[in-house]
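Some notes on the structure that comes next.
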Amino acid sequence: KRPAHFEVDYHPEALVVLPVRGADETLADCVHALVQQSYTNFRVRVIFDSPTDPGWEIVEQVLGRYPAAPVEMMQLAEARPTCSLKCSAVFEATADLGDAEIVAFIDSDIAPDTNWLAELVAPLANPEVVVSHGNRWYLPADDGWGSLVRYFWNAAAVATMYFWGMPWGGTLAVKRELLEETDIRQRWLRAGCEDVPLGSVARSAGKKVCFVPGLIMRDREAISLKGCFPFLDRQLLWARLYHPLCWWASNVWQVIIAGAMSVALLCIVVGIWQGNFAAVAVGLLAAALPNLVSMVLVSWMEKTLLPGVQGPISRSPLRALVAIAMTNIAMLRVVFVSLLTRSIEWRGITYRIAGPWQVKMAAYRPYEPSLQGPAEPEPKPTEVSATV
């Protein structure tokens, strides 16, 4: 159990919303951790789009150990064709707030520690703050190229999201007033993601979004290079649709870096072909320098946000350096794809996207266990991970 980063006497009633589609490996740990929160005035609402979802049984098994836990399981009444399933879920889950003054959201692949909710709610004691959030930090157990590319992309994304005030839905809390006094819930009915629009709505209302550094959630999931690209495409698409200023500012710079990297590599190839070793040396220096700077910055961020953690850089610096170069070049492809993308697949559902508020679900189908790994991970009642 970590000490809370914010020690304030602010404990309004909170509703924690957990949308579930599929049996994430950490789902059991997530539910187990939620019912053991140190926060004393909260309840949990778990929402599934289908009772046949493989996650349903997992949640029931965990709750069987806690018969008095303030947890409600509910089924999505309507899989709306005009938004993503997650947006449908958060819309319905926030329809009846009861006496809750705070609504917190968590993803099913997050296993928080027991102070998670207390830390998340604390910044909302400030009357000017209506949204608080954490972020994820990938710490892949393997050093595969896909895992490394996502790791370095995400490190840059954490800094970008902080600078531009973009909240992350995996660990997020909002004040009731934002849900009731703005049109955010109606926007969800036409949106692809639920979190990025929240930041814009909060700022339009003259309020603030607060990032909580203590809520950097570790994710050790591995991913292949092939699987990494659809994930990155989707993330950049949401940014382009719902925070275009951030998308343009960050990705114009990314294109410049990737373009410079490509020119440097071309110099190396041409220099080798022509036997011009001076050109090769210049190309190597030009290619290595920005990647070395990036590696130092990511290492510094990791040590600052997650002290004591041994990430990919410390395990294999040379492989990490190559992965940074791969990430910079790969992002050139991802940026242009996100400009052209009009269709994505997310957890087995295809969405057609004509604009920020023009999202169409091609066809609904319940989640199939075959689309995911082990369907029933064992809960760990004696040990709760600080983060995932």
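Within a 6.0 Å radius of CG in Asp183, more than 12 heavy atoms belonging to other residues, nucleotides or ligands are found.
Between His11 and Val121, every side-chain heavy-atom pair lies at or beyond the 4.5 Å cut-off. Using a 4.5 Å heavy-atom threshold, the side chains of Phe91 and Arg80 count as touching. Between Leu198 and Ile184, some side-chain heavy-atom pair lies under the 4.5 Å cut-off. With a 4.5 Å cut-off on side-chain heavy atoms, Leu15 and Ile102 do not count as touching. Between Leu339 and Arg240, some side-chain heavy-atom pair lies under the 4.5 Å cut-off. Within the 4.5 Å cutoff, the side chain of Val158 has heavy atoms near those of the Met301 side chain. Counting heavy atoms from C-beta on, the side chains of Val209 and Val129 never come closer than 4.5 Å. Lys226 is not listed as a side-chain neighbour of Phe229, based on a closest heavy-atom distance of 4.5 Å or more.
Considering Val16, Leu34, Leu63 in turn, Leu63 is the only one that fulfils the side chain to side chain contact (heavy atoms under 4.5 Å, CB included) rule with Val71. The only option from Asp195, Asp107, Asp49 that meets the side chain to side chain donor-acceptor pair (under 3.5 Å) definition with Lys86 turns out to be Asp107. Residue Val337 forms a side chain to side chain contact (heavy atoms under 4.5 Å, CB included) with just one option from Val334, Val335, Thr341, and that option is Thr341.
Residues Phe152 and Val296 do not share a hydrophobic cluster, defined by chaining ILVMFWY side chains whose heavy atoms lie under 4.5 Å apart. If you chain together hydrophobic residues whose side chains sit under 4.5 Å apart, Met331 and Ile223 never meet in one group. Residues Val293 and Leu318 do not share a hydrophobic cluster, clusters being chains of Ile/Leu/Val/Met/Phe/Trp/Tyr side chains in contact below 4.5 Å. Trp300 and Tyr162 fall within a single hydrophobic cluster, where Ile, Leu, Val, Met, Phe, Trp and Tyr side chains are chained together by heavy-atom contacts under 4.5 Å.
Contact detail for Ser38 and Ala118: the closest heavy-atom pair is OG-CB, 4.2 Å. Taking both residues in full, the closest heavy atoms of Ser84 and Gly192 are given as OG-O, 2.9 Å, listed atom of the first, atom of the second, then distance. Nearest approach of Val90 to Pro19, heavy atoms of both residues: CG1-CG, 4.3 Å.
Atom OG of Ser224 sits about 14.5 Å away from atom CH2 of Trp145, to the nearest 0.5 Å. In this structure, CD in Glu92 is found 12.5 Å from CH2 in Trp188, a value given to the nearest 0.5 Å. Atom CG of residue Leu305 and atom CG of residue Asn135 lie 9.5 Å apart, to the nearest 0.5 angstrom. The CG atom of Asp29 sits 12.0 Å away from the CG atom of Asp109 when rounded to the nearest 0.5 Å. Note that the OG1 atom of Thr171 and the CE atom of Met217 stand 4.5 Å from one another [nearest 0.5 Å].
No side-chain donor-acceptor contact under 3.5 Å links Thr182 to the backbone of Leu179. For the pair Asn126 (side chain) and Glu128 (backbone), a donor-acceptor distance under 3.5 Å is present.
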(request) Apply the test side chain to side chain contact (heavy atoms under 4.5 Å, CB included) to residues Phe48 and Met74: give CA-CA distance (whole Å), side-chain angles for both, the deciding distance (0.1 Å), then the verdict. (result) CA-CA 6 Å; Phe48 303 82; Met74 65 179 289; over 6 Å; no
(message) ring-ring contact (aromatic ring centres under 6.0 Å, His included) for His32 and Tyr66? Distances and angles first, verdict last.
(response) CA-CA 9 Å; His32 173 75; Tyr66 307 96; 5.5 Å; yes
(request) Could you please spell out the steps behind the side chain to side chain contact (heavy atoms under 4.5 Å, CB included) verdict for Val103 and Val17? (result) CA-CA 7 Å; Val103 180; Val17 174; 3.9 Å; yes
(request) Apply the test side chain to side chain contact (heavy atoms under 4.5 Å, CB included) to residues Met295 and Val298: give CA-CA distance (whole Å), side-chain angles for both, the deciding distance (0.1 Å), then the verdict. (result) CA-CA 5 Å; Met295 191 162 74; Val298 172; 5.9 Å; no
(message) Could you walk me through whether Ile349 and Met361 satisfy the side chain to side chain contact (heavy atoms under 4.5 Å, CB included) test, starting with their C-alpha distance in whole Å, then the side-chain angles of each, then the deciding distance to 0.1 Å, before giving a yes or no?
(response) CA-CA 7 Å; Ile349 299 291; Met361 180 165 55; 3.5 Å; yes
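Under the 30°/60° scheme for interplanar angles, the aromatic rings of Trp238 and Tyr242 are found to be tilted. By the 30° and 60° cut-offs, the orientation of the rings of Trp137 relative to Tyr151 is perpendicular.
A salt bridge links Glu13 with Arg43: the closest approach of a Lys/Arg side-chain nitrogen to an acidic carboxylate oxygen falls below 4.0 angstrom. Note on Glu72 versus Arg45: salt bridge recorded, some NZ/NE/NH1/NH2 to OD/OE distance being below 4.0 Å.
In this view, Arg319 satisfies the salt bridge (Lys or Arg N to Asp or Glu O under 4.0 Å) rule with no residue, not counting sequence neighbours.
Phe231 carries Arg150 over the face of its six-membered ring, with the cationic atom under 6.0 Å from the centre and within 45° of the normal. For the pair Arg21 and Tyr367, the cation does not sit on the ring face, since its NZ or CZ is not both under 6.0 Å from the ring centre and inside 45° of the axis.
With no hydrogens or angles considered, no side-chain donor-acceptor pair links Arg190 and Thr82 at under 3.5 Å.
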